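Before we start, here is the structure in question, set down as structure tokens.
Quick caveat, the model's predicted, so the values are computed rather than measured.
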Amino acid sequence: EDALQFGPATRALNSYVVAPPIPDVATRMDWVSGASMMVRREVFEKVGLLDAGYFMYYEETDFCLRAARAGFECWYVPASRIIHLVGQSSGVTGAKRSTKRRPKYWFESRARYFRNNRGALSMHAANLTWLTAYPIGRAWLRLRGRRRDDPPMLWWDFLKYNYLPCK
């Protein structure tokens, strides 16, 4: 999520960027969008299907990680073509991004991914880092006269869906 938005810290954490810029050449990646995956039957036979416990978001990330652990590679191939209106059905990206709150299921999917693949301790470490870095990053951008195009109440929703009892 690039919460801090502070040059030296951003550069130091560059190898951990969740969604790096789209490359111009075929490149091995940690994950690709499920909307554009081409998967050999052998992969499904060895690692299984996408986890149906995810409603939306992170299911392809989880699948690609399981495939990598089983010895398969994931590649982005720019010569392939697909039209995917990223996040348009949920409003997480696109024109409504800054007017619509991030849905609860996004946070649930993120938590499921961390719990299943990194463990509870890593999930809490990542959560607390984000909760601390995000307001600092917003303040830093404000000081520089810049804005973030984030959904409303993002920090509060992150805290609420990860740590507060919700109905």
* Asked: Honestly curious: do Leu164 and Trp130 fall in one hydrophobic cluster under the side-chain, below-4.5 Å linking rule?
  -> yes

* To do: State plainly whether one hydrophobic cluster holds both Phe72 and Met38, where clusters connect Ile, Leu, Val, Met, Phe, Trp and Tyr through side-chain heavy atoms under 4.5 angstrom apart.
  =>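 Phe72 does not cluster with Met38.
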
* Closest approach of Val47 and Arg66, non-hydrogen atoms and distance? ->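 Of all heavy-atom pairs spanning Val47 and Arg66, the closest is O-NH1, 2.7 Å.
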
* Separation of Tyr76 OH from Ser36 OG (nearest 0.5 Å) ->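 Going from OG on Ser36 over to OH on Tyr76, the span is 8.0 Å.
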
* Asked: Any side-chain heavy atom of Asp51 within less than 4.5 Å of one from Arg112?
  ->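 Contact flag for Asp51/Arg112 side chains = yes.
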
* Any donor-acceptor pair under 3.5 Å linking the side chain of Thr27 with the backbone of Val25? ->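 Yes: the side chain of Thr27 pairs with the backbone of Val25.
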
* **Nearest-0.5 Å distance that lies between atom NZ in Lys104 and atom NZ in Lys160** =>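 If I round to the nearest 0.5 Å, the distance is 8.5 Å.
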
* Could you tell me whether the side chain of Asn162 and the main chain of Phe158 form a donor-acceptor pair under 3.5 Å? =>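 Flag set: sc Asn162 to bb Phe158 pair under 3.5 Å.
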
* **Pairwise side-chain contact, Met37 with Cys74, heavy-atom cut-off 4.5 Å (strictly under)** =>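 No, every pair of side-chain atoms sits at 4.5 Å or beyond.
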
* Asked: Within the distance-only criterion (no hydrogens, no angle test), does the side chain of Glu108 pair as donor or acceptor with the backbone N or O of Trp106 below 3.5 angstrom?
  -> no

* Flag the pair Arg147 / Leu141 as yes when at least one side-chain heavy-atom distance between them is below 4.5 Å, and no otherwise. =>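 SC-SC contact between Arg147 and Leu141 ruled out.
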
* Report yes if the side chains of Tyr113 and Tyr57 come closer than 4.5 Å at any heavy-atom pair, otherwise no. => no

* Asked: Can you check side chain to side chain contact (heavy atoms under 4.5 Å, CB included) on Leu65 and Asp30, steps first, answer last?
  -> CA-CA 7 Å; Leu65 179 59; Asp30 289 333; over 6 Å; no

* Asked: If you measure from CG on Leu50 to CD on Glu60, what distance do you get to the nearest 0.5 Å?
  -> 7.5 Å

* To do: Show the numbers, then the answer: is there a side chain to side chain contact (heavy atoms under 4.5 Å, CB included) between Trp155 and Asp150?
  => CA-CA 10 Å; Trp155 187 91; Asp150 292 333; over 6 Å; no

* So how far is it from Phe107 CZ to Tyr163 OH, rounded to the nearest 0.5 Å? -> 12.5 Å

* Asked: Going by atom types alone, do Asn116 and Asp62 pair a side-chain donor with an acceptor below 3.5 Å?
  ->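 Judged by distance alone, the side chains do not pair up.
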
* Gap between atom CZ of Arg142 and atom CZ of Arg138 - 0.5 Å precision -> 5.5 Å

* Pro151 and Arg101: which non-hydrogen atoms are nearest, and at how many Å? -> CB-CA, 4.2 Å

* Using modelled atom types only, decide if a donor and an acceptor are shared between the side chain of Arg146 and the backbone of Leu143 within a distance under 3.5 Å. => no

* Asked: Do Arg118 side-chain atoms and Met123 backbone N/O form a donor-acceptor pair below 3.5 Å?
  ->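 No, because the side chain of Arg118 does not come within donor-acceptor range (under 3.5 Å) of the backbone of Met123.
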
* Asked: Do the side-chain N and O atoms of Glu73 and Trp75 include a donor-acceptor pair separated by under 3.5 angstrom?
  ->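 A pair is found: one side chain offers a donor N or O, the other an acceptor, under 3.5 Å apart.
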
* Treat each ILVMFWY residue as a node, draw an edge where side-chain heavy atoms are under 4.5 Å apart, and state whether Val39 and Val77 are in one component. =>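 Looking at the clustering, Val77 is in a separate group from Val39.
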
* **Rounded distance (nearest 0.5 Å) linking atom OH of Tyr105 with atom OH of Tyr58** =>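 These two atoms lie 13.5 Å from each other.
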
* Asked: What about the rings of Phe63 and Phe44, do their centers lie closer together than 6.0 Å?
  -> yes

* Asked: Judged by modelled atom types alone, do Arg110 and Asn127 share a side-chain donor-acceptor pair under 3.5 Å?
  -> yes

* To do: Inspect the surroundings of CZ in Arg69 and state if more than 12 heavy atoms from other residues, nucleotides or ligands are less than 6.0 Å away.
  =>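 Count over threshold, so yes.
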
* To do: Using modelled atom types only, decide if a donor and an acceptor are shared between the side chain of Ser109 and the backbone of Met56 within a distance under 3.5 Å.
  =>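 Indeed, once roles are kept as given, a pair shorter than 3.5 Å links the two residues.
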
